[in-house]
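Beneath this line is the structure, given in C-alpha cells, with notes to follow.
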Amino acid sequence: MAEHGGVFHGYQMSSTTHIIASNLAYAKTKNLGSVPIVKPSWITDSIELKKLLDYKRYLLFTCQSAGQSKLNFPVFPGIQNVENSTSKFNETISGNFSYSNYNSLINSEVYDKSSSKNNSPLNSLVTPASEIENNRISKTASDPRFLEEFYNNSRLHLIATMGTEFKQFVGKLRETSDGKFPGKDLLLQKGNPQSKRSYSSVIMHIDMDCFFVSVGLRNRPDLRGKPVAVTHAKNAQISSRPGRSAEISMNLERAPENIVEKITNLDSHSSMSEIACCSYEARKCGIKNGMFLGTAIKYCPNLKTIQYDFQGYKDVASILYKSVASYTLDIEAVSCDEMYVDVTKLLNESGLSVDQFATHLRFEIMEKTQCPCSTGFGANKLQARLATKRAKPNGQFYLEVDNVEAYFAEIELADLPGVGRATLSKLRNLGLNTCGDVQLTSLTLLQAELGQKIGETLLEQAKGIDRKPLNYNYERKSVSAEINYGIRFKKLEECYNFMQSLSQEVFNRLNDIGMRAKCLTLKLMVRAADAPVETAKFLGHGICDSLSKSTTSNIPIGDMQTIFKEAKQLYDKFNVPFTDLRGVGIQLSKLEKIGQANSVMSNFLKQSSNKKESRESEDICKEKSVASVGAQKKLRSHKLLRYYRLKTLTKEFF
Ligand code: DCP
Ligand code: MG
Ligand code: MG
C-alpha cells in the first residue's frame, strides 16, 4: 500500500481517511467516528487493478456509506484498554505513543490477516499493523515531516531525552541550591543525631521496579500481580512478510548466542514488536525487557499488554528526582528511573541506619507515585548497583564491607557493567563465568587475554572494587541525531533533503545547549550485500554494515548549512547507493561552549589568516578502505565487517 502512495496510520488521526477491517463488532463502530470502515480487499484489488477503486463497494457495513447522513458518534472518547478488547481482529495495535500528544490518540489499527494469507502476491504490500515498530506512522524518510513524527513517537528517543534532562536538572539544582533540604530537615527531627553514625562511604543506587509497567498499573489496579508487558502490539501473531524468514535465518547463522536466544522462538508469524518493560510476574515465566512479543507469548500465553504512558513516566521520574533532591544533591543521574546518591553525610548527620533511611525513602516514593522502587547500598557505585539486584523487586539491600567478596563471587560476569559481548566470550573461553572464577584467576592471565587495562579493571570489579567517583557535573560530550527506521530513498534528492532535515535537528540540539562542535561524524547503515531488500521489521534497518566517517575543523561548526555541507561531502565520499541506505546519523563532538568557541576562533583567525585547516579522519580503521565500490566489495569479505554486522544486529535486537 505504501509503495502505491497509500499512507498507513498507526492510530486513527484527524487525517485518517479510511479504517481497514475484515471483521468488527458493530457496537465498536461508535468509537470510530464517521470514517468509513472498509474491507482489506479494497486495497488489494486497487493495487491489482492499478487504480484507486471506489471504496463504497467495499464497506464492511453496508449501511455505512459516504453519502448517507450519519449519526454524530463521538470520536475518540478516551484511551481504550487493549487487553479488554473483545475485538476479533487478527491484528490490532493500540496504545498511545506520541509523547507530545499523548492523550489525543486511540487505538484503531486493524489488519486482515486472512486476506494476506491467500495466494495473491499483492497481499505482501499490505502492512500488518503489528509490524509497525513503535506504532509509528508508515511514512518513510522521504517525507519532509518524517523526522518530526519519528521523534514524537520514538520510545528510545524519549528515554534518552529524559535521561539527559534529569542529568541537566540535577546540574541546575546543584548550581542554584540555597543549601536547604526539607527532606533532610524532617529526617533530622525523626532520626537520632545523638547516635552519631560514622559510615566512611555509603553510596545508594535507587531504581524504579519495572518502571513502565508500574506507571501503567496506576490506572489498571486490576492487573496488579499478573504478567503484564508494555508494548505496542496486542497480538503476538502477525501475517508473514516477505524477506522475514530469510532475515531470521541469516541472523541465526551469524548471531552470537544472546541474539539467538532472542530470535530462536520466532517464526514467520511472530510479532517482532518489542516489549519495553514487563512485570516481575511476567519475568518469572522467562520474559525479559526487550523481548519480542511473539517470543514472550510463547513463554506466557496469559501475558497482558498495556499501553505506553509517556506523560506518566515523566511525572513519576520527576517526583523520584525531586524527592531524593530534598535530602541531598550529591546525585549522579543515570536515567529516568535510576540514580546514584552519596548518602554518607546524610546518614552520619541524621544518625539513621542505612536500613532506616532506605525504608523511609522507599515509603515516601511509593506514597507519592504508587510505584515501587528498590535501593542497593555499598561502599561504591559498583557495589550499590549490584546490591540493587538482590533488593529487587520492591526491596532494599546493604552490602556491608565484610560480605563484599563473598557476595561478588556469586555474580555472573555478564552482570558487571562494561563487560561487553567480546570480553564475555573471551572469558567464557577461559572457563570463567562468575566473579568468583575471576577472583581466583591471576592478573597476568587476565591481562594477557584482555589487555593491561581491562584485565586489571576486571579483577578489581570481580572483587567489588570501583574507583570511579560519582559524577556530579554532567558534561555533554557529543550531540547527535541518528535514524535507522524508515530510511528508504528512491531518489538522491530525497536523501539530501533528509540529510538537510537531520542537519537542522542536530544543529537545534547543539544550539539548545549553547555549544559549537569541531568534529562531525556521518554514520551510515547500509544494507548488507546478501541481506534481503525487505526487512523483517517493517521499514526497519535489517542486516546492515555500519560505516562512519569524520571530519574535524579548527573552526567550530555553528550553523546548519555547514553541518549539511560537511555531512553531504562525507556522504558523497562513501560512494554507496542511496537505495541501500537503512540508517543515517550525524554526530557532533569535540564540543565547546559558544563563548569559548568564539575566543578560540578569533585566536585561530589571527594566527592563520582565514586559512581553514580541515582534516578528515577515519575513525574506524575499517572505513579507510571504503573509498570505492571495488574496495568495498573486498571489505565485505573481511572479518571485521562481520563483526560490525553483528554489532548492527545487536543494536536492532536489543
Ligand atoms: N526501557 C526501554 N527500552 C530499553 C530499556 C529501558 O523501553 N531498551 C524503558 C522501560 C523500562 C525503563 O526504561 O521500564 C527503565 O529501565 P530499567 O532497566 O530500569 O528496567 P525496569 O525498570 O523495567 O525493570 P527493573 O525493575 O529491572 O529496573
Ligand atoms: Mg528500573
Ligand atoms: Mg533503570
Side-chain angles (χ1 to χ4, degrees), residues 95-97 99 133-136 153-167 204-218 223-224 227-233 258-259 262 272-284 286-293 296 303 305-321 324 331-341 362 365-366 369-376 381 384-397 412 414-415 417 484-485 649-654:
N96 146 27
F97 299 90
Y99 141 54
E133 194 197 1
N134 291 349
N135 208 18
R136 289 174 206 134
N153 292 287
S154 162
R155 102 177 189 270
L156 294 179
H157 173 64
L158 170 98
I159 294 168
T161 311
M162 282 206 290
T164 309
E165 274 172 13
F166 283 111
K167 285 172 189 167
M204 173 176 77
H205 176 245
I206 182 166
D207 188 293
M208 302 302 293
D209 298 326
C210 51
F211 184 42
F212 282 15
V213 166
S214 301
V215 171
L217 291 188
R218 297 183 310 166
L223 292 179
R224 285 194 192 281
V228 178
V230 175
T231 186
H232 301 298
N258 33 4
I259 292 177
K262 189 162 177 182
M272 286 173 85
S273 181
E274 267 184 22
I275 286 177
C277 174
C278 58
S279 66
Y280 277 80
E281 290 76 11
R283 293 180 200 197
K284 278 186 200 146
I287 300 176
K288 294 177 185 166
N289 286 2
M291 197 176 255
F292 292 137
L293 179 61
L303 185 69
T305 57
I306 57 168
Q307 302 164 11
Y308 283 79
D309 175 3
F310 288 130
Q311 190 58 47
Y313 310 145
K314 286 188 90 178
D315 293 344
V316 171
S318 179
I319 296 172
L320 168 73
Y321 271 89
V324 175
I331 298 172
E332 176 181 326
V334 177
S335 73
C336 57
D337 86 328
E338 184 177 348
M339 68 189 97
Y340 292 106
V341 190
R362 290 181 44 247
I365 289 165
M366 177 61 124
T369 66
Q370 284 101 57
C371 296
C373 67
S374 299
T375 49
K381 288 202 283 183
R385 180 170 169 168
L386 290 168
T388 307
K389 267 185 90 66
R390 164 81 66 91
K392 274 183 175 289
N394 196 15
Q396 57 199 48
F397 178 61
E412 297 279 331
D415 290 336
N484 59 20
Y485 170 84
L649 261 174
T650 314
K651 257 199 220 156
E652 183 169 27
F653 283 100
F654 291 92

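Atoms within each ligand, like the ligands themselves, are counted from 1 in listed order.
Ring orientation note: the planes of Tyr308 and Phe212 are nearly perpendicular, at an angle over 60° on the 30°/60° scale.
By the side-chain hydrogen bond (donor to acceptor under 3.5 Å, both in side chains) test, Arg362 pairs with Asn394, Gln396, sequence neighbours left out. Under the side chain to side chain contact (heavy atoms under 4.5 Å, CB included) criterion, Arg218 pairs with Val215, Asp309, Val316, Gln370, Cys371, not counting sequence neighbours. In this structure, the side-chain hydrogen bond (donor to acceptor under 3.5 Å, both in side chains) partners of Ser279, at least two apart in sequence or on a different chain, are Glu281.
Counting heavy atoms under 4.0 Å from ligand 1, residue Asn289 touches it through the side chain alone. Residue contacts with ligand 1, taken as heavy atom pairs separated by less than 4.0 Å, do not involve Val230 at all.
Looking at Lys392, its side chain does come within 3.5 Å of a backbone N or O of Met208 through a donor-acceptor pair. Between the side chain of Ser374 and the backbone N or O of Asp207, no donor-acceptor pair lies under 3.5 Å. The backbone N or O of Cys278 sits less than 3.5 Å from a side-chain atom of Asn289, completing a donor-acceptor pair. Between the side chain of Ser273 and the backbone N or O of Leu293, no donor-acceptor pair lies under 3.5 Å. Here the side chain of Thr305 pairs no donor or acceptor atom with the backbone of Val230 at under 3.5 angstrom. In terms of modelled atom types and a separation under 3.5 Å, the side chain of Tyr321 and the main chain of Asp337 share no donor-acceptor contact.
Residue Glu338 comes nearest to Leu320 through the heavy atom pair N-CD2, 4.3 Å, listed as atom of the first residue, atom of the second, then distance.
Of the polar atoms of Phe212, at least one N or O is found under 3.5 Å from an N or O of ligand 1, judged by distance alone. Checked against a 3.5 angstrom limit, the closest N/O atoms of Glu338 and ligand 1 fall outside it. The distance criterion of under 3.5 Å between nitrogen or oxygen atoms is met by Phe211 with respect to ligand 1.
Residue Ile159 has at least one heavy-atom neighbour below 4.0 Å for each of these atoms of ligand 1: 1 (N), 2 (C), 3 (N), 7 (O), 9 (C). Listed by number with element, the atoms of ligand 1 under 4.0 angstrom from any heavy atom of Asp207 are 19 (O), 28 (O). Atom numbering of ligand 1 starts at 1 in the shown order; those under 4.0 Å from a heavy atom of Asp209 are 26 (O). Heavy-atom proximity to Arg155, at under 4.0 Å, picks out these atoms of ligand 1: 2 (C), 3 (N), 4 (C), 7 (O), 8 (N).
For the Mg ion (ligand 3), the nearby protein N/O/S atoms, meaning those under 2.8 Å, are Asp207 OD2, Asp337 OD1, Glu338 OE1.
Within the 4.0 Å heavy-atom shell around ligand 1 one finds Cys210. Ligand 1 lies within reach of Tyr280, whose nearest heavy atom is under 4.0 Å from it. Every heavy atom of Met162 sits 4.0 Å or more from the atoms of ligand 1.
Annotation: side chain of Arg155 is in contact with side chain of Phe310 (closest heavy-atom distance under 4.5 Å).
Scanning Met208, Lys288, Arg283 for the heavy atom closest to atom 24 (O) of ligand 1 points to Arg283.
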